[in-house]
Amino acid sequence: MGINFDNTNSFIKDYEYKFMESQVKLAHKMLHDRTGQGNDFTGWLDLSLHFDNEEYKRLLNKADEIRENADYFIVIGIGGSYLGARAVIEALNHSFYNLIEKSKSPKVLFAGNNISGKYLSDLFEVIKDKEVYVNVISKSGTTTEPAIAFRFFKKFMEEKYGKEGAKKRIIATTDKSKGALKELAKINGYETFIIPDDIGGRYSVLTPVGLLPIAVSNINTDEILKGAFDAEKIYSNDNLFENECYMYAASRQILNRKGKDIEILTNYEPSLSFISEWWKQLYGESEGKDGKGIYPASVNFTADLHSMGQWIQDGKRNIFETNLIIKELGKDMTIENEEMDLDKLNYLSGKTISYVNEKAFEGTLQAHVKGNVPNLVIEIEKLDEYNMGSLIYFFEKACAISGYIQGINPFDQPGVEMYKKNMFKLLGKPE
């Protein structure tokens, strides 16, 4: 994995990076010495040093059991409790993995990430006659959206399998020792996996929160962890100019100080659309506070070039782009010659779709830079488990460094509580 900064050269001068150098060193020290705000939520930083291998083996055994016995695996969670897992599952699986009848893994569906009676009703219609396992993910067990969904799923599973059968098919990923879900799991005999105390939801994809659903979908989690653990070492250098992760964080903050306060994450591969959703939560909750923050947006190209492309090219000039480019996808198709050529595409005969997509990216990049939009390019060698683990760690660490440079706590989310207070009051929740 590497980053190309060439298309920011006309927007960021070399001396601006020099000015940023001491700030990056300080942010690095705050993070690694655990002296910065939110330091009690930095367990993801050196996860390889305290990774629970025994729990991981148990997790893989459970994933094997689920793959052998389930038609559907339901993941109940919201925010960081589902976005990371869904991002990896959709990025690394077949584009239509839930439509393949003879699959090596169950179909993975998600619940508890909205408050929609229609969505939940439709979901039960799909799974009512199928073999089902449920993974409810919540540190507290009282988060409204997943708690509501789990009430219905608990009843569904007990009616379908009986209490004894249901307890073998419901898995709780929750706090080690406290909380409503932990208590419920203990009372009902559910197998549990731990959300570490020192890792917040949006940084939790490399814990059982993400690893169990990912493993159930038959993705090699060993390789994901290897990529992430190697990235720990690669991005541990406090020298700004020798650490591309820190260069990305610094570039974002330099551009932000110049009025570029919206970052648009772009991709040219539909499989990456939920990577963007995970990334938006990671940076939105981490940086959007104290009246500060770069607004994280995303587009899926080339589709969104026919909608958002006009705004990006000619709209307000407070944006920059970060492009996710996959160099090797593993699958492709070649355009063939047509005798009549009514669609005027014979000039592309013999070329692959990936080649056309690559030229679309290059043409868009040139146009947007000319339109005063700085562009960073993250190049990923291959869309596989190892590179996905590396990308996850890269974004997590860059987010922490960027937050400290900005002067905020990148590990809390006080603003999330406001809508809850208002909603609970309107619903008449007891104090």
request  = Could you please spell out the steps behind the side-chain contact (heavy atoms from CB on, under 4.5 Å) verdict for Lys154 and Asn188?
outcome  = CA-CA 10 Å; Lys154 181 176 180 294; Asn188 288 282; 3.9 Å; yes
- Query: Between Lys258 and Glu16, is there a side-chain N and carboxylate O pair less than 4.0 Å apart?
  - Reply: yes
Do you see a donor-acceptor pair shorter than 3.5 Å between the side chains of Glu321 and Thr266? no
- Query: Side chains of Thr174 and Lys139: is there a donor and an acceptor less than 3.5 Å apart?
  - Reply: no
Counting C-beta onward and ignoring hydrogens, is there a side-chain heavy-atom pair between Asp384 and Asn220 closer than 4.5 Å? no
Can you tell whether the side chains of Glu277 and Lys280 come within less than 4.0 Å, N to carboxylate O? yes
With sequence neighbours left out, the residues meeting salt bridge (charged side-chain N to carboxylate O under 4.0 Å, His left out) with Glu164 are Lys167
Fill in: Step-by-step side-chain hydrogen bond (donor to acceptor under 3.5 Å, both in side chains) determination, Tyr133 to Glu65
CA-CA 10 Å; Tyr133 274 68; Glu65 176 193 324; 2.8 Å; yes
Contacts of Asp52 meeting salt bridge (charged side-chain N to carboxylate O under 4.0 Å, His left out) (sequence neighbours excluded), chain-then-number -> none
For this session: Could you give me the CA-CA distance, side-chain angles and deciding distance for Glu183 and Lys186, then say whether salt bridge (Lys or Arg N to Asp or Glu O under 4.0 Å) is met?
Result: CA-CA 5 Å; Glu183 183 66 18; Lys186 185 178 179 181; 5.4 Å; no
message: If we count only N and O atoms by modelled type, under 3.5 Å, do the side chains of Asp261 and Asn318 hold a donor and an acceptor together?
response: yes
Sorted by chain and residue number, the side-chain hydrogen bond (donor to acceptor under 3.5 Å, both in side chains) partners of Asp198 (sequence neighbours excluded) come out as none
- prompt: Do Asn375 and Asn323 come close enough that some side-chain heavy atom pair is under 4.5 Å?
  reply: yes
Discussion item. For Trp279 and Tyr283, I'd like to know if the aromatic rings sit close, meaning centre-to-centre distance below 6.0 Å.
Written reply: yes
Sequence neighbours left out, cut at 3.5 Å: what donor-acceptor pairs do the side chains of residues 82-91 make with other protein atoms?
| residue | atom | partner | partner atom | Å |
| --- | --- | --- | --- | --- |
| Arg86 | NE | Glu90 | OE2 | 2.9 |

Are any non-hydrogen side-chain atoms of Lys104 and Arg67 less than 4.5 angstrom apart? no
- prompt: Using a distance-only test with no angle check, is there a side-chain donor-acceptor pair under 3.5 angstrom linking Ser402 and Glu287?
  reply: yes
Run the side-chain hydrogen bond (donor to acceptor under 3.5 Å, both in side chains) test on Thr144 and Lys420 for me, step by step, so that the C-alpha distance in whole Å, both residues' side-chain angles and the decisive distance to 0.1 Å come before the verdict.
CA-CA 9 Å; Thr144 306; Lys420 294 180 183 179; over 6 Å; no
Across all chains, not counting sequence neighbours, the salt bridge (charged side-chain N to carboxylate O under 4.0 Å, His left out) partners of Lys25 are Asp238
Distance col, row Ser271:OG vs Lys331:NZ, nearest 0.5 angstrom, shows 9.0 Å
Tightest non-hydrogen contact, residues Ser81 and Ile137, listed as O-CD1, 3.3 Å
Exercise for review: Indicate yes or no for a side-chain donor-acceptor contact from Ser217 to the backbone of Ile214 under 3.5 Å, with no hydrogens or angles considered.
Suggested key: yes
Q.
Using the rule given for side-chain hydrogen bond (donor to acceptor under 3.5 Å, both in side chains), can you reason through Thr173 versus Asn135, listing the C-alpha separation, both sets of side-chain angles and the distance that settles it, and then say yes or no?
A. CA-CA 7 Å; Thr173 306; Asn135 181 202; 3.1 Å; yes
When every non-hydrogen atom of Lys292 is compared with those of Gln406, the smallest separation belongs to NZ-O, 3.2 Å
With sequence neighbours left out, the residues meeting side chain to side chain contact (heavy atoms under 4.5 Å, CB included) with Thr8 are Phe5, Ile12, Tyr17, Pro374, Leu376
The side chain to side chain contact (heavy atoms under 4.5 Å, CB included) partners of Glu145 (sequence neighbours excluded) come to Ile78, Ile115, Thr143, Tyr419
Testing the 3.5 Å rule here: is there a donor-acceptor pair between the side chains of Tyr97 and Ser105?
no
Given side-chain hydrogen bond (donor to acceptor under 3.5 Å, both in side chains), test Asn98 with Tyr72 step by step and report yes or no. CA-CA 9 Å; Asn98 273 340; Tyr72 283 90; over 6 Å; no
Rounded to the nearest 0.5 Å, the CG atom of Asn267 sits from the CD1 atom of Ile325 at a distance of 8.0 Å
Worksheet item: Between Tyr268 and Phe301, does the ring centroid distance fall short of 6.0 Å?
Response: yes
With sequence neighbours left out, the residues meeting side chain to side chain contact (heavy atoms under 4.5 Å, CB included) with Ser354 are Leu329, Asp332, Thr352
Does a side-chain N-to-carboxylate-O contact under 4.0 Å join Asp412 and Lys289?
-> yes
Side chains of Asp197 and Asp175 in contact at under 4.5 Å (non-hydrogen atoms):
yes
Do the side chains of Arg151 and Phe156 get nearer than 4.5 Å, heavy atoms only? no
Sorted by chain and number, sequence neighbours left out, side-chain hydrogen bond (donor to acceptor under 3.5 Å, both in side chains) with Asp71 holds for none
Test your reading of the model: is there a side-chain donor-acceptor pair from Lys160 to the backbone of Lys128, 3.5 Å cut-off? yes
Close side-chain approach of Phe41 to Pro410, heavy-atom, < 4.5 Å
no
_In the structure I gave you, are the side-chain heavy atoms of Thr35 and Asn39 within less than 4.5 Å of one another anywhere?_
no
Taking everything shown except Asp14 itself, do over 12 heavy atoms lie less than 6.0 Å from its CG? no
Hits for salt bridge (charged side-chain N to carboxylate O under 4.0 Å, His left out) against Lys29, two or more places apart or cross-chain, chain-then-number order -> Asp33
According to the interplanar angle, ranging from 0 to 90°, do the rings of Phe229 and Phe51 count as parallel (below 30°), tilted (30 to 60°) or perpendicular (above 60°)?
perpendicular
When you check the side-chain N and O atoms of Asn300 and Ser273, is any donor under 3.5 Å from an acceptor? no
**Q.** Pi-cation contact, Phe320 with Arg252 (under 6.0 Å, within 45°)
**A.** no
For Phe124, does the CZ atom have more than 12 heavy-atom neighbours from other residues, nucleotides or ligands under 6.0 Å away? yes
| said: Is any side-chain heavy atom of Leu120 closer than 4.5 Å to one of Phe152? | reply: yes
One thing to verify: whether Lys118 and Asp122 come together as a salt bridge, which I'm taking to mean a side-chain N less than 4.0 angstrom from a carboxylate O. yes
Does the pair Lys226/Asp230 count as a salt bridge with the N-to-O cut at 4.0 Å?
yes
Throw together a table of side-chain donor-acceptor distances under 3.5 angstrom for residues 390-397, partners on residues two or more places apart or in other chains.
| residue | atom | partner | partner atom | Å |
| --- | --- | --- | --- | --- |
| Tyr393 | OH | Leu45 | O | 2.7 |
| Lys397 | NZ | His32 | NE2 | 2.8 |
| Lys397 | NZ | Tyr235 | O | 2.6 |
| Lys397 | NZ | Tyr246 | OH | 3.0 |

Residues at least two apart in sequence or cross-chain that pass side chain to side chain contact (heavy atoms under 4.5 Å, CB included) with Arg317, listed by chain then number, are Lys260, Ile319, Asn372, Val373
Here the pair of heavy atoms bringing Tyr203 nearest to Cys399 is OH-SG, 3.7 Å
